[in-house]
Amino acid sequence: MKQDVKPKGQRAVRSETIAESLEEDIVGGALPAGAKLDETAIAARFGVSRTPVREALLMLVSRSLAERLPYRGVVVCDLGPDRIDQMFEAMGEIEGLCGRLAAGRMTTIERSRLQERHRTMAPLAATLDFAAYEQANTELHDLIYTGTHNGDLIEIANAMRLKLAPFRRSQLQNHERLAQSNAEHGEIVEAILERDAIRAERALRRHLLGSANAFLSAYAARSAAGERPARTEGAPHKPNE
């Protein structure tokens, strides 16, 4: 039995890694709408069997970045500005509700953890530690979701966050947005600590609006510059990444 656990765990890691890499390609425009995600080509690119590739493609479909079409297989979804705007709008409403409920329901210990998590993020933003800030950012929002003490809402928020994760991750790679994000978190945390439900809700909505604006501005800049790489079949651009 123990021999089975390790391979499954390793495969899960590979699948997630492949999915994240393909997400970056989709969000960055390297894999445009309608591009076929060919299992064989992707397996060759990453130097793996087709099994983890299939699992990675299932993740992309579940996150609405790709869709499975009859006779075509898995292709990249059309993620134009309108679609992206709709996702951020929905997430803004969900997180706003989470903030409003968390402001009134969080325990003293939960508020302390939220405050401490935010305190650790300022130096990460100042040193442009994008990876660490992104992880801390995820944990901070997790604390807010958990603070609602509503299992169904937590499930919805987490599912929507998975869909938006590559877009939110992308916009946090900008140092100006990183500083702005941290400042917005400060307002959110302060409102929750003061049990100001309305202020917390508004602050979280503005936070998601800021994320959406940052991503869509970068998207428009790429489009204006004509950044449309030729890869359309999931073919390798780096040897066995």
Side-chain angles (χ1 to χ4, degrees), residues 12-13 16-17 19-21 23-24 27-28 59 63 84 87-88 90-103 105-150 153-196 199-218:
V13 171
E16 186 62 42
T17 300
E20 287 182 1
S21 183
E23 282 176 356
E24 290 178 5
V27 172
M59 294 178 193
R63 296 170 190 177
I84 296 168
M87 288 193 289
F88 272 103
M91 190 76 247
E93 293 300 312
I94 293 167
E95 292 216 357
L97 176 57
C98 286
R100 176 160 61 83
L101 294 178
R105 296 179 178 181
M106 267 188 165
T107 65
T108 300
I109 293 176
E110 288 173 333
R111 292 174 201 276
S112 177
R113 287 173 181 163
L114 181 68
Q115 185 178 39
E116 179 58 29
R117 172 47 64 212
H118 178 248
R119 187 179 292 120
T120 67
M121 295 175 73
L124 300 179
T127 57
L128 303 183
D129 192 338
F130 297 112
Y133 184 89
E134 179 197 340
Q135 178 60 36
N137 177 63
T138 297
E139 293 170 0
L140 182 137
H141 284 270
D142 268 339
L143 290 170
I144 295 173
Y145 303 160
T146 303
T148 66
H149 295 273
N150 183 308
L153 184 55
I154 293 169
E155 183 179 347
I156 292 169
N158 282 324
M160 195 65 200
R161 184 183 62 186
L162 277 176
K163 286 187 177 183
L164 272 176
F167 303 99
R168 296 177 80 167
R169 183 162 52 242
S170 173
Q171 54 90 32
L172 284 177
Q173 299 302 307
N174 179 286
H175 73 276
E176 292 180 358
R177 176 56 195 158
L178 206 65
Q180 183 182 356
S181 170
N182 191 58
E184 291 167 1
H185 284 152
E187 184 177 354
I188 293 165
V189 171
E190 183 178 296
I192 291 175
L193 293 179
E194 294 179 356
R195 301 179 185 271
D196 191 333
R199 183 182 167 200
E201 180 176 19
R202 290 174 177 170
L204 272 157
R205 283 178 174 168
R206 285 195 298 270
H207 181 55
L208 266 293
L209 178 61
S211 297
N213 287 340
F215 179 83
L216 291 171
S217 294

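All values below were derived from every heavy atom in this structure, side-chain atoms included, with hydrogens, water molecules and symmetry-related copies excluded.
- Within the 3.5 Å criterion, the main-chain N or O of N213 finds a donor-acceptor partner in the side chain of S217.
- At distances below 3.5 Å, not a single donor-acceptor pair connects side-chain atoms of R105 with backbone N or O atoms of R100.
- For the atom pair CG of N137 and CG of D142, the computed distance is 9.5 Å after rounding to the nearest 0.5 Å.
- Considering CD of E187 and CZ of R206, their distance stands at 4.5 Å, rounded to 0.5 Å.
- Relative orientation of the H185 and H118 rings is perpendicular, given thresholds of 30° and 60° on the angle between their planes.
- For E194, the salt bridge (Lys or Arg N to Asp or Glu O under 4.0 Å) partners are R199, not counting sequence neighbours.
- A salt bridge is absent between E116 and R113; no separation between the charged side-chain nitrogens and carboxylate oxygens falls under 4.0 Å.
- Enclosure of atom CD in E139 by more than 12 non-hydrogen atoms of other residues, nucleotides or ligands within 6.0 angstrom is indicated.
- Using a 4.5 Å heavy-atom threshold, the side chains of H207 and S181 count as touching.
- A 6.0 Å sphere centred on CZ of R161 holds more than 12 heavy atoms belonging to other residues, nucleotides or ligands.
- The shortest side-chain heavy-atom distance between H141 and L204 falls under the 4.5 Å cut-off.
- Looking at R111, its side chain does come within 3.5 Å of a backbone N or O of M106 through a donor-acceptor pair.
- L178 places none of its side-chain heavy atoms less than 4.5 Å from the side chain of N182.
- A donor-acceptor pair under 3.5 Å links the side-chain atoms of T148 to the main chain of Y145, judged by distance alone.
- Inter-residue side-chain proximity for E134 and R168 is flagged as unmet; no heavy-atom pair is nearer than 4.5 Å.
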